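Worksheet for the structure shown next.
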Amino acid sequence: MTDRHSDLDALLADLTEPQREAVLHVEGPLLVLAGPGSGKTRVITLRIAHLVLGVGIAPWNVLAITFTNKAAGEMRQRVGQMLSPRQARAMPITTFHSLCARLIREFGDRLGLDPRFSIYDTADQQRAMKQALESLDMSTSNFPPAKVLATISNAKNELLDPETYASVASDFYHRKVAQAYRKYESILRQNNALDFDDLLLMTVQLLRQHADVLEQLQERHQYILIDEYQDTNHAQFVIANTLAGKRQNICATGDPDQSIYRWRGADIRNILDFETHYPDAKVVRLEQNYRSTKNILAAADGLIRHNVRRKHKALWTENEPGDPVTIVVCPTEREEARWVVDQFCQLHDMERIPWSSMAVFYRVNSLSRAIEDELRHRGIPYQIARGTAFYERKEIKDAVAYLRAISNPADEVNLLRIINTPARGISSATIKALQAHAAAHHTTLPQLLDNPQQVTTLNPRAISAVSRFGAQLEAWRKVTERVDVTLRSFLEQVLRESGLESFYAADDNDPDEDRAMNLGELVSSAQQFEDELEFADMSQDESTLGRRLQAFLERISLVSDVDSVDADQGSVTLMTLHAAKGLEFPVVAITGVEEGLLPHDRAVAEAEEVEEERRLCFVGVTRAMQRLYLTCTQRRTVFGQTLPTTPSRFLRELPRETVVTQELDDFVGDVFAGESRFGVAAEQRRRAAEDARMYPPGTRVRHPQFGIGRVLNVSPAGAHTRARIEFGSVGIKTLVLQYARLEVLDRPDLPF
DNA sequence: AGGTTCGAGTTTTTT
DNA sequence: ACTCGAACCT
């Protein structure tokens, strides 16, 4: 212990004055405004170490909340090095969603929730929403499930329940959404399921409605630390604030310039108004950067200065100037990929920079394709940060659906997925008959599986198929009550007895998809999970298979994209700019730095959203330690269509003295003038410009089917130029101008 | 009952 | 270009 103390003292001696202030602060609210690369993680871990070793607070009374599970794991690792691994394991270091899932599991009875609840992912949510819309006779074309779900998600983040939402819904669309919301909620409850937002919402209800639970939790979590505070939403703010209670021992760290999740409900005001929420707050600014070269930091600073709605922060470093930031203009995405990979190869071969020190970022996942192809072609090891992709595979979703249906008997959505996969003679007609019977007799489909004989509309063959499956499910559920069966062997049993294993073993429809192998990977991940569980909690030997299964399913539901990234794998890392938050690499390339991609098309209409895109670019730029490459193309193939592109406005915003530009091939424009000109594109460009002139925003038009509408905007895309038009009758439609047969009624005053 | 073909929508970012 | 769902066929 004394050793640890002197270790701590030595570490504290190394800190700068502001870092030291943040580390040594103990009681009351603390806000750490940390610029990129300012040693924030070090400050947080040292602060935790100081709380435990210096002040004597029990590790289990500290609650640390990170943005991803991966970040939580890394923080636990680092805290474990300073305290002991044992103390680190006793400390809750987790994400908001995992914390909430566990609290609901623990206190669910207070909310009337069965602890076996399923956590619905986006696909499950869509299925549930389609059911809701269908039963309300709402067409999915006027009310796209994804859009309705997004609206509801926003409502939930603002803690609006269906009733409250309905009372504030003013126009037709929102009133219909309110109906869908109510129905969707009742379907989720009937399935004993929660979506991601419910995890937060239900936790708020738990804390607000049950004073004794709140008191117990306030005693448990006396010191709360929240990282990436700029990306918390209102529900998360309420949870943290309520848990902190009167003590207000809340330490928030973050950077408003790195707020990139507004679209997901993140509320930047949480961090901007911290001092209003907590008038006694101590505020510490960390502005010195230890990560990047002077050039990279100056480029980042020059870029972010273009945001108007922002408090300026001085970013500075004592690091070397380094190479200038390199902008590369390539003819197509093929050459772009080739250039980046060539460059990486050179750095690898000439300067012995390991592959694991290099990363490629992009705005949208689809851009990974070209880079991947090139890396694979050259035989360079790479990994893509898409932790969720594995669980989106058909065979994995099937296997997990079995586990969910077994674990949570009320889960009809997952049951329906597997009821006839692989085929076992339960046809869609049979399912319809079961559903109809359930609806008419005040019961549910899952319950009918036990005695389908009562469904008189079914023929004997169907009845026997259904009851056989019902019996099979029951048998599996019996196994989950045992303590002496491992997750791994249970999963193997289910895969075998369900027929899923042989179904996918025989499936060789697409030769490059080894579905059987992926199922094997799921089996080993189950084993790995159980091993970790045993390691983390010695008292687990008593726990039933069912409990361990719940924990495993929870983990699967809450994986994030970066969770799969392993820095020590010796491979180049590919990821979206969003996933790059919180990471750093010596060498970074950002591809597709073009108008329409970064900033994204869907963001350019609103100044606020363009600022978020700029912050996203800022996040990407500030991940780079030594070298930074920004690439764009002159034409890019999207949807199998090759169209001309324009360099991003963000490139022009970089201070010229920090960058050099390389132009490949036939590029004759000027990135800084914001134009790229070349043969093929000129005609399409001219035409698109003309279209935009024909239909300026505000133009009133008549459509043969939809009637009279108003043009919102036109996205130029050559022959496929589309206009978004708001019709009184059917809402907003996106139409291809060439085919839409629009009649212009009147145009607003033209500026030219 | 199960497989096949055709058309539509797709790509913003994710816990 | 690719994937997914719905109508359609055997």
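The shown structure was predicted, so the numbers you read here are calculated from the model rather than taken from an experiment. Within every chain, numbering begins at 1; the chains are lettered A, B, ... in the order of the sequence lines, protein sequences first and strands thereafter. As a basis for the values below, the full set of heavy atoms in this structure was taken, side chains included, without hydrogen atoms, waters or symmetry mates.
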Output the rounded distance in Å from [atom1] ([X]) to [atom2] ([N]).
X       : N       : atom1 : atom2 : value
K147(A) : dT12(B) : NZ    : C1'   : 16 Å
D197(A) : dT15(B) : CG    : P     : 13 Å
F618(A) : dT13(B) : CZ    : P     : 23 Å
R262(A) : dT14(B) : CZ    : C1'   : 16 Å
W263(A) : dT11(B) : CH2   : P     : 13 Å
K394(A) : dC4(C)  : NZ    : P     : 9 Å
M575(A) : dT12(B) : CE    : P     : 21 Å
K581(A) : dT15(B) : NZ    : C1'   : 11 Å

message: Taking the six-membered ring of F67(A) as reference, does the cationic atom of K581(A) (NZ for Lys, CZ for Arg) lie under 6.0 Å from its centre and within 45° of its axis?
response: yes
field: Pi stacking test for H600(A) and dT12(B): under 5.5 Å apart, planes under 30°
entry: yes
field: Nearest-angstrom distance, C1' atom, dA6(C) to dT11(B)
entry: 23 Å
Need one value for [X]: base, sugar-phosphate or nothing, where a base atom within 4.0 Å counts as base even if backbone is also close, heavy atoms only.
X       : result
F96(A)  : nothing
N420(A) : sugar-phosphate
N365(A) : sugar-phosphate

Residue closer to the 5' end of DNA chain B, E609(A) versus A429(A) (nearest nucleotide): A429(A)
- prompt: Quick one: on DNA chain B, does A603(A) or Q125(A) contact a more 5' nucleotide (nearest heavy atom)?
  reply: A603(A)
Among [options], the nucleotide that comes nearest once only the side chain of [X] is considered:
X       : options                   : result
T576(A) : dT12(B), dT14(B), dT15(B) : dT14(B)
S366(A) : dT11(B), dT13(B), dT15(B) : dT11(B)
R369(A) : dT13(B), dC2(C), dT15(B)  : dC2(C)
R264(A) : dT15(B), dA1(B), dT12(B)  : dT15(B)
A423(A) : dT12(B), dG2(B), dT15(B)  : dG2(B)
R602(A) : dT14(B), dT12(B), dA1(B)  : dT12(B)
S427(A) : dT15(B), dA1(B), dG2(B)   : dA1(B)

task: Could you verify whether a donor N or O on one side chain and an acceptor N or O on the other, from D267(A) and N270(A), lie under 3.5 Å apart?
output: no
- request: Using a strict cut-off of less than 4.0 Å between a Lys/Arg side-chain nitrogen and an Asp/Glu carboxylate oxygen, indicate whether R602(A) and E609(A) qualify as a salt bridge.
  value: no
- prompt: Is E594(A) salt-bridged to R363(A), cutoff N-O under 4.0 Å?
  reply: no
- prompt: Among all residues two or more places apart in sequence or in another chain, which pass the salt bridge (Lys or Arg N to Asp or Glu O under 4.0 Å) test with D197(A)?
  reply: none
Residue list, salt bridge (Lys or Arg N to Asp or Glu O under 4.0 Å) with R310(A), at least two apart or on another chain: D257(A)
query: Would you say the base of dT13(B) and the side-chain of R363(A) have a donor-acceptor pair closer than 3.5 Å?
result: yes
